[in-house]
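All remarks here apply to the structure that follows.
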Amino acid sequence: MTAVRMVAIALIFCVASLGWLVLGGSVWQRTESADAHLRESVGGLYGRAQAQSAPAFTLVRGKARTPLPIAGSDVTASFDLDQRRKGLQWYATYQVDFAAQYALSNPGDAPASVEMRFTFPDGSGVYDGFEVIVDGKKVPVEHLEGAAVALFELAPKGRSGVSVGYRTGGLDEWRYVPSGGGPAVIEDFTLTMLTDFEQVDFPDGGASPNRPKERTAEGWKLTWEYDSVVSGREIALVMPQRLQPGPLAARISLFAPVALLFYFAALVLLTATRGVRLHPMHYAFLAAGFFAFHLLLAYLADHLDAGLSFAICSIVSTALCVGYLQAVIGRGRALFEIAASQTVFLVAFSYSFFFEGLTGLAVAIGSVLTLAYFMAKTARVSWDEVFARPGGAAAAPETTN
């Protein structure tokens, strides 16, 4: 292969890489700009991220108001996950049944008036079935500025139970703030989360369960239980996220130049050792066949499942390139090897992006195996003879492996 041909192929590679950078950037921009609007829209319809704080109790004696600590908490949150797709993004919406019982103690010798202020996670949210029950009796509630305020009496030298509960929708994560902000002493505390999904995760800075997870028929039972602890950390659960089509298509597009580089290297080696002569225009059309994969994926992912879109794009791109090469060089072992190269470098490498965190390892392993194959294949090739021939396309002796 002459130096002029190599320069032409390198120029084709650079132009294709620029195209992929533009395509990948446009998908990122389209996804990010749509997400800002769609997330607000989804939150308005199904609820936003929820952060429920423990209620604040206050002893009221005339004009004197004294904070009343919570003597015990038994909180349960049951989650029903409902993932919804909007455009290029999936959103992890959920319904949560929240139920809590708080124990209060009146240290005085006379009945005491107590005010409870229960602040909802989202002032514009919908909280179905909300009520306050004190020692088995429902008490009236006044709603003020995103909070529920209730007044009731505590018996002297006694312990009372205050129950609250509701059902509402949320998005992405749910948090419980047991201390109301800042480190505080938390007494006799239990929080139980029940999920209908198996993939559970906890955000940085949140407290993880201190009791073993228990398998349920639908998911997990997660328990936080403390006799007495000083803590200001939230207890939080992150909903499982589905593979996002937009970011997936963008990452695959931005990685495409690496795949094309491997593919062109394989083409150079295979054509040089198989006696096949390809013009730089052939490389240009093959690069276009590669680009067709990512162009289709960027827009099919808007409308179809990511896996189905990937399969369609793989078939179309492979059919374009293999069909074109068959018309150029005919059937034979060279065609089979070039088609296998495309399957590895385009399809397999791109598919590794479906497995988050394993892409780099998959590409590294694939690259090393490919290198080993070509090293073994060309170990006894006379490169001086190959590149001395016109076009560098004459067959060279090689060992049958």
Side-chain angles (χ1 to χ4, degrees), residues 47-78 96-108 110-170 173-193 206-207 224 226 228-236:
R48 298 173 176 83
Q50 303 285 308
Q52 178 63 67
S53 297
F57 295 96
T58 305
L59 281 173
V60 181
R61 295 188 179 95
K63 294 183 178 181
R65 301 172 64 86
T66 306
L68 179 65
I70 299 173
S73 304
D74 188 359
V75 182
T76 301
S78 302
V96 56
D97 280 310
F98 176 83
Q101 182 163 340
Y102 301 99
L104 300 177
S105 295
N106 178 7
S113 295
V114 174
E115 178 188 274
M116 183 194 78
R117 186 176 184 87
F118 185 91
T119 303
F120 295 104
D122 181 2
S124 62
V126 177
Y127 302 91
D128 183 36
F130 178 78
E131 60 183 5
V132 179
I133 299 175
V134 179
D135 293 333
K137 297 180 180 179
K138 187 175 180 179
V139 299
V141 176
E142 184 179 4
H143 294 275
L144 301 171
E145 298 178 354
V149 178
L151 292 172
F152 51 86
E153 295 288 323
L154 285 186
K157 297 293 186 180
R159 188 178 175 99
S160 296
V162 180
S163 299
V164 296
Y166 59 77
R167 180 175 177 83
T168 190
E173 63 181 32
W174 185 85
R175 297 172 180 266
Y176 185 76
V177 188
S179 63
V185 178
I186 302 170
E187 301 282 357
D188 190 18
F189 178 86
T190 301
L191 187 150
T192 303
M193 294 187 189
W224 291 255
Y226 306 104
S228 180
V229 66
V230 178
S231 175
R233 298 172 67 185
E234 299 177 349
I235 296 173

Derivation of the side-chain contact (heavy atoms from CB on, under 4.5 Å) call for Y176 and V75: CA-CA 9 Å; Y176 185 76; V75 182; 3.9 Å; yes
Separation of [Y] [atom2] from [X] [atom1] (nearest 0.5 Å):
X	Y	atom1	atom2	answer
T168	F130	OG1	CZ	12.0 Å
Y102	S160	OH	OG	16.0 Å
I235	Q52	CD1	CD	12.5 Å
L191	M193	CG	CE	5.0 Å
F57	F152	CZ	CZ	5.5 Å

Least distance between heavy atoms, [X] atom then [Y] atom:
X	Y	value
I133	G136	CG2-C, 3.4 Å
L104	I70	CD2-CA, 4.2 Å
G169	Q50	O-NE2, 3.2 Å
S105	L68	O-CD1, 3.5 Å
A207	W224	O-NE1, 2.8 Å
G161	Q101	CA-NE2, 4.2 Å

Does the W174 side chain pair with the main chain of V96, one donor and one acceptor, at a distance under 3.5 Å? no
Contacts of type salt bridge (charged side-chain N to carboxylate O under 4.0 Å, His left out), residue D74, not counting sequence neighbours: none
Residues two or more places apart in sequence or in another chain: which of them pass side chain to side chain contact (heavy atoms under 4.5 Å, CB included) with [X]?
X	result
V149	E115, R117, L144
T192	T76, T190, L194, K221, T223
R175	A51, E173, P203, E234, A236
A103	A71, R159

With ring-ring contact (aromatic ring centres under 6.0 Å, His included) as the criterion, how do F98 and Y127 come out once you've worked through the C-alpha distance, each side chain's angles and the decisive distance to 0.1 Å? CA-CA 10 Å; F98 176 83; Y127 302 91; 9.7 Å; no
Does one side chain, of S113 or E153, offer a donor that lies under 3.5 Å from an acceptor on the other? yes
Please list all pairs meeting salt bridge (Lys or Arg N to Asp or Glu O under 4.0 Å) that have one or both residues in residues 124-135, counting only residues at least two apart or in different chains. E131-K138
Does a side-chain heavy-atom distance below 4.5 Å link [X] with [Y]?
X	Y	value
H143	F120	yes
L59	V114	yes
S53	T119	no

Would S73 and D188 count as a side-chain contact (heavy atoms from CB on, under 4.5 Å) here? Give the steps. CA-CA 6 Å; S73 304; D188 190 18; over 6 Å; no
